[in-house]
Amino acid sequence: MIQLFAAATGEAPGISEAVLWAIILCPLVAFAAITLYVRHLPKIAGYLSILAIGVSFVLSLIALIDVLGASGGIAIYSHDWFQAGPLELALGVRIDGLTAVMLVVVSSVSLLVQVYSQGYMEGDPGYGRYYAYMSLFITAMLGLVLADNLFMLFIFWELVGLSSYLLIGFWFHKPSAASAAKKAFIVTRIGDLGLLAAILLIWTRHETLAIDEIHELALAGVLGGTTLTLFGLGLFAGAVGKSAQFPLHVWLPDAMEGPTPVSALIHAATMVAAGVYLMARFFPVIEASPDALTVVGWIGAATVAVGASLALVQTDLKRVLAYSTISQLGYMMLALGVFGYAVAVFHLFTHAFFKALLFLGSGSVNHATNTFDMRLMGGLRTVMPITFWTFLIGTLSLSGIFPLAGFWSKDEILLEAWVNNKGLYAVAAIASFVTALYMFRAVFMTFFGTYKGGEPVDHEDEDSHFHGDPAHPHESSWVMTVPLLILTAGAIAAGWWALGKEFHHFVEAAIPAEALHKAPDFSYWIAITSSLIAVAGIGTAWAIYHRGLVSSTEIRKVVLPIAVLLENKFFLDDLYERAFAVQVFQRGWNRLVELFDTTAVDGAVNGVGWVGTQSSRVLRHAQTGQVQLYGAGIAAGVFIVAIIVFIANPL
Amino acid sequence: MSELDIVGPQLAILLAAGAVLVWDALLPRRRAALPYLALAGILGAAIWTTTWVIRGDFQTAFDGTFAIDQYAVFFQYVFAGITAIVVIASIDWVDRVGRRQSEYFALVLTASAGLMFLAGARDLITIFLALELSSIPQYILAGWGKDQRSSEAGMKYLLLGAIASALLLYGMALLYGFAGSTLLTDISAAISEHGADNRSLLVVASVLLIAGFGFKMAVVPFQMWVPDVYQGAPTPVAAFLSVGSKAAAFAVVMRLFFEGLGEQFLSNDWAMIFAVIAAVSMTLGNVFAIVQRDIKRMLGYSSIAQAGNFMIGLAAISIAGEHFVQGASGVLLFVAAYAFTNLGAFIAVIGISQRIGSDNIADYAGMWRRAPLLALALAFCLISLAGIPPTAGFWAKLYVFNAGIQADLVWLVIIGVLNSVVSAYYYLAVVRQMFLGEAEEEKRLAISPTVGVALGVATVGVIVFGIIPTPLVDAAREAAAIFAAS
Amino acid sequence: MLLTVLVFLPAFAGLLILLLPSARAHHARWVALLGSLVALALSIVMFFDFEKGAGFQFIDRASWIDVGSFNIQYFLAVDGLSLPLVVLTTFLTTASVLVSFSIEHRPRAYFACLMVLSTSVLGVFTAMDFLLFFLFWELELFPMYLLISVWGSGRREYSAMKFVLYTVAGSAFMLVAILALAFSAGTFDMEVLGNSTITTAVLPLGWVFLFLFIGFAVKLPIVPLHTWLPDAHSDAPTAVSVMLAGVLLKMGGYAIIRTCVTILPDQANDYGIWLAAIGSISVLYGAFVTFRQTDVKRLIAYSSVSHMGLVLLGIGALGTTAMVGAAYQMLAHGLITGLLFVVVGLMYERTHTREIGRLGGLARQMPLIATGLVFAGFASVGLPALAGFIAEVTVFLGAFQKHEWAVIMAIFGVVLSAGYILWTLQRVVFGPVRHEWDGADDQRHWWEHASVVGLAALVILLGVYPSLIMDMLDPAIGVVSARVAG
Amino acid sequence: MLTLEHFLTVGALLFCLGLVIALSKRNAIGVLMGIELMLNSVNLTLIAFSRFSDGPAEIAGHAFVAFIITVAAAEAAVALALAVAVYRSRQTVEVDQLDLLKL
Amino acid sequence: MEGAGVNIAFYVLSILTLVAAGGVMVSRNLLHAVLFLIVAFIGVAGFFVLLSAEFIAMAQIVIYVGAIAVLILFAIVLTPRSVRDNSETAMVGPAILLGVALATVFLFVIHDTGWMTGAGDPGLSASDLGRALLSTWVLPFEIASVLLTAALVGAIMLVRSEAEESEDVPDADA
């Protein structure tokens, strides 16, 4: 089945279906080939993977250009997959503005990360495996954005979860890594329940899973009321898990246990983007349900606040970035909550570049110092100039400094929030101050001041593959710095696409026009305010962490309860893992059920046998060997049987 | 047809018995031939029976006190088979235990003739005499070992048997007094004429009859002698008791109750009695069997439970017509299948116990390695007793349960199948002991060829009828059909 | 004829194995492999020769026992529901033979048992006479009992006995129901029964349904009739666990669809909600208990309880989609859990422990086995593109409309399964290396590779190309659900 | 006037008395005596029935009794032989001592 | 049946028989018990005479008193230690209870039943009985004869001592 929808301003995309499938299949082929054949040939595995993703990237670009040429129309190619009774499921691809943008973001960031990994992962015994997993990861993400129906989307959604599990737990011999991988998978899966429920709901009520049909149902009002709200919330639950929204954000910081390029990929282009993509994809549905929309907005806001505040107290560079990601994802959800569909996607787009840049930069730093602990760094500005400057630009972009990419997208979010919901605006604005504060705290601690020596290499650890000398840090090799530079370009310039609302028009063509709200016009007032807030944040950071005008320990003493709360991540991990998972669930409930199983259920079974043998043991004493007892038995039998008959059947 | 022809099979067997005694008196050194003389008599009986089947000339004789019909023929074959197998299996045993061989075989043959008379008896006097002809030799045989246990078993069996006989006789006397005749057909006529007014008498008489035959069938509450006698009696005798007198009791009860007391108002009562006794027998027999450590006692209790199973069929015959045939043929099928199976089990026990000198189940450990064929055959027989396919016992149980279902005795069938589960536990426990237990010594056991032959016949019967039950079922149905027609 | 050959081929191979001279006992595995491969090939030929949607095919029919109302046929046939299960059985038999290749202890008996087991399961899936079906159902007990109690570990005798008694207890009820049904319909022919409308029986049809269901539920197994499963699994040898989880449990689900639902559609409608409720309770209950297990095989066993709950949930919904999902879940679970047991078995061979606490870090010493475990684990979790996912989602999609709350309860099983599987993986294959296992081999022999890769390949095939099976299941189950819908 | 019931009553009482003796005597020979009394009461009952009925039925009762007497004799002979056998092996014929056979 | 003599005879015989049976029950000496038993047998024989069954009465005397009682005496002599002991076991209580219960049931049905009594024909000669035994009941008759033989053979075998047995097989183990 092929469906084409022309955009308001152009023709439908005419791109061949084969190209779209090829985008998914290239990395998949690489995965299969590496797994089956070249596991043990690391270099070839790396090249194969890069080649595959490179092809995907090129094809994605072609697709983007094609869709651009059609000003963002929609093309859907769908095929029957299997059928069971009335259930008919399809496999299909859908290309439109949103998909095209996502494709390019995913494939480009992935390509750069892959290239970078060649340096970062050099010498790791699992090098081949690493590239196999990465290929699978990218396949899953590309498939997710190309899927034309909810079911297929769910499949790739789950595959994203799988690959993230494999990659986060890549260094599986580290208990923390294995644990983090498990945590990521399970926590996101809790969210996936919502998505699954949404699928069940929509199929049961309306017998369709095709995205465009669901859009139509929502717009036509057929899909409405409780079903609509539940469906929207179900989808959102999935997104909460995958996009690390409060309260399921806990897995993301732990996901740092994976290799840094993996973190870059997860935080920038894949995994967490999936949730935002899902919400954007189904924006017409969310938007049709005010309740769902409100929930999305406020959960986003809560996530913004939680992420930003926790980022303030981290000492681990990657964890700062991780919480920053949470916070930024919150921004995207918040944007969706204030009707900012295009804005959210736009922020996703720009965020991909600068966040990937920051992560890769942190990886570069790690390569020099053998640590992510900022307290062991300092003064790297001079020894690692490329890393420093690219990291700084990324930080500025994240903080929303004009005219970097982050400025444009964040500004628009604040604008939408201001127009539609002042409360959300307040949260977003305060958080943008905190954002600048914690990012520059990281920059100052890492690159300024004096070098504190990094982490000494532990030669006993056979799994360590650190090659340099932490005492004498140096700049990373070109395979690592070139991707940094390329991403820097993106972090600087990606925002300019939004000038003149071009990006918006393009992306908005992906959903039915009826679903759109008119975006507010650019407001200088908002732009200036947000810039000032960001600058204030930077200034504060400078004052505290560079100049030491105010001691951070002093501040900590003043706001001790808050600091304790933050340092313990609002006790959420403790609540989930120790209190709930371990105490309530495993030691409490499960133990109870198990106890019931062994005593009541199995006990009853064994009890029946026991009663049988026991009664047999007791009764056999009746068989005394006394012949007259037996004779009495016979006589008594006559009497009893006769009496029974007369009682049962009276004369 | 001359009257000698009518009792030809029994006569052949009794002649053989006499011949055995005479042979022993005349040629004491040629004792080895005694069992073969006995077998010749049994063979003669079987052949004679076959000639009736070929002639198809079924009739009643002796003024209606005795009948030759398919029913009697069926049982005559069964008893001939039982006796033959018992005789073969005894050869080795008797030879070792003592020198009272001629008496042994003569008494077995006499008892067997008594059983055969029972199958055809249609008159209270004939039934009683035939019953005693089978019983008294069995009392003697139980005490044949003359050691402490054997004579104790004989004594117990006799005293209790006599008490049961007295009860039976009292019941018969009441029936006779009511009907003025000892012929079953007359009794039936009298009951249909004015029986309904005198139900209390008929019920009490029925109960007394059930007590008398229940003793032979070994059903609760008339069963308590069973384990003691089985344990104490010589094993081949126990085997004979466990199948012979039980089968005969069922044979006669079915004829007596259906031909004589088949009137609907009465059959409701005795069907209920049978159903209750069946349920209690199965349950108690099994529950007792679980903890037994002596395999003969275990088989004794199991035979009580099995009698309960037979009784489901009896309970089902109270309804005339097609259901009747189901129930009655179910009992017949069960009798035949059980005869082969239980004999097989006992013979295997003979073969094993004789060599290891113990009846303890624990001593059967590892028998699979010491006597693989014996162990395999015993396993098959036990599986058949448990009613697990592909054995004759399965079909018998299935058929009886089917009859029960058709007679609306679902509750009883459920109790029956649940009891099968319990029985599977202790039967399989023996199998487990033999196949999985660790033997204390690994020495192979020598099996006497005669035991092997007897066991082989029984086990092959169990398996063949397990796979192709149709001939047996057909025969049972044909035999049972004579009542439906009447 | 083809079907008869297929069903009895493994048993024939088993017979040949038993006839091998003891000097050539080690050749048993090759005979077994050959036999199972031929059976596999035959079943694949049938799979592709099968005409989709054309009802029962490859019919082998002969009258077996035909006496009065007791009419039993030898009747084998397959339809779209049973044929995939037949292929699954032959495939898993082959895999079981492969994983047993290194067995040293009494190989002849072992492989013979395995082959007989295969025949009995094939018989259950193909028998279309209710009694024949029951026979095959019971036949499976013996090889299983022996396999667990002789070649098992731990409390093997207890577990084997428990398995047998549970099954026999269940089939006791089943037998009553079969007899009641056959009596009221006048036939044991399942095809006829499945096409006729039965309105009365000697006991209420609701009871008949319930009794049948109890018999099958034990096998499935569902809470609270499941406690035999963990014991049986944990003490059984690897190949037996594979067969047990892979095909034996499926007999329960298959039978519920084939008999309970097809023959008694009205009762199925009445009780569907209960089936679904029990199913989802099983899903959750099984999952909760799984979390507490410290023995890998027990853990997988409890997870099976959880996964088989989905089968019941699907059946309880009675719609085509849901029941197709249930059938698919049976296939998927068969392959996935089979794979899990194979891998765990390989691991156990090397480490000689299944205690999770003692394992850890195995991914370093035995990367292939670890990969297999991770793969199987994720398949069990219901990862997309693997068979389990398709099955789960189809069940959910099909059942949601009818039993919303049951499904909502059950989907929590999705998260729970992720929880226990990943936690297990973390503790077994991940984490710091334990030098205790330094010397242990990885997966090395060709037969180990063959079984793991073969199973994994099928898991993927069923995950990405469901039409292969769905197109076959759909029409067959469509007939059933149409009957239920009236 | 003597009716059938009179004789039957005596028969029943004698039967039960015999039963009580059979069930309570310690000595096997005593038990046997009880059994003989039971059989006698049956005979009495049968003859009474025979006497109070007409025609051919009459003779059946007599025949029955004749057979019972015969069987009783045979039974007694065997019983006493067994008693002797038991006495030989156990030096007692007290039935409550006969309890070798039990689990 | 009428007539004072008959009535008196019936009650005398009843008392005699039942008291004698009671004497079997209560006498502690086995020999006394045998004597009571013989009295009871004779009492029953008297009933037979009363019921016009003279032949049966004669058989009763001959077989019960003449054969069975003698056999019992022989048995008592052959088992010397038991001579004086005819006490009861612990079962006596339950046994009496059972006896009473069963007597109640029997008496109830005896009096509850409408017996079809006819005029009664006192004349039944021994030859009539003999004819019946050799026509209608010839089969039981033959059976009885076999039975007696078998019992005899068996009884002899049982009382034969081991020594006697080995004597008549001089070379069994040789």
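The basis for the numbers below is simple: all heavy atoms, side chains too, and nothing from hydrogens, waters or symmetry mates. Lettering follows sequence order; numbering is per chain, from 1.
- Residue E/Thr113 comes nearest to D/Glu5 through the heavy atom pair O-OE2, 4.2 Å, listed as atom of the first residue, atom of the second, then distance.
- Rounded to the nearest 0.5 Å, atoms CG (E/Leu51) and CZ (D/Phe52) are 6.5 Å apart.
- Aromatic rings from E/Phe10 and D/His6 are positioned such that their centres are separated by under 6.0 Å.
- Within the 4.5 Å cutoff, the side chain of E/Trp115 has no heavy atoms near those of the D/Thr3 side chain.
- Looking at E/Thr136, neither its backbone nor its side chain comes within 4.5 Å of chain D, counting heavy atoms on both sides.
- Only the side chain of E/Leu37 comes within contact range of chain D, judged by heavy atoms closer than 4.5 Å.
- A pairwise comparison of heavy atoms in E/Ala21 and D/Leu17 identifies CB-CD2, 3.4 Å as the closest pair.
- Scanning both residues, E/Leu158 and D/Ala85, for their nearest heavy atoms gives O-CB, 4.0 Å.
- Heavy-atom distances place both the backbone and the side chain of E/Leu78 under 4.5 Å from chain D.
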Practice item. Test side chain to side chain contact (heavy atoms under 4.5 Å, CB included) on E/Arg131 and D/Ile59 and set out the steps. Key: CA-CA 10 Å; E/Arg131 217 170 293 124; D/Ile59 206 156; over 6 Å; no
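- A 4.5 Å side-chain heavy-atom check between D/Phe67 and E/Leu147 finds every atom pair outside the cut-off.
- Across D/Ala12, D/Ala63, D/Gly30, the residue that shares the most heavy-atom pairs under 4.5 angstrom with chain E is D/Ala63.
- The heavy-atom pair separating E/Leu148 from D/Ala74 by the smallest distance is CD2-CB, 3.8 Å.
- Looking only at distances, no side-chain donor or acceptor of D/Arg51 sits under 3.5 Å from a matching main-chain atom of E/Phe48.
- Interface remark: E/Ala67 contributes no atoms to any contact with chain D (heavy atom separation under 4.5 Å).
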Please report, to 0.1 Å, the donor-acceptor pairs under 3.5 Å made by any side chain of residues 91-111 of chain E, with sequence neighbours excluded.
unit_1   : atom_1 : unit_2   : atom_2 : d
E/Thr104 : OG1    : E/Val100 : O      : 2.6
E/His111 : NE2    : D/Thr9   : OG1    : 3.2

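- With a threshold of 4.5 angstrom between heavy atoms, E/Val24 approaches chain D through its backbone and through its side chain.
- For residues 8-27 of chain D, the pairs satisfying salt bridge (Lys or Arg N to Asp or Glu O under 4.0 Å) are D/Lys25-E/Glu88, D/Arg26-D/Asp96, with sequence neighbours left out.
- Atom CD1 of E/Ile63 and atom CD1 of D/Ile68 lie 12.0 Å apart (nearest 0.5 Å).
- The contact between E/Phe141 and chain D is made by backbone and side chain atoms together, counting heavy-atom distances below 4.5 Å.
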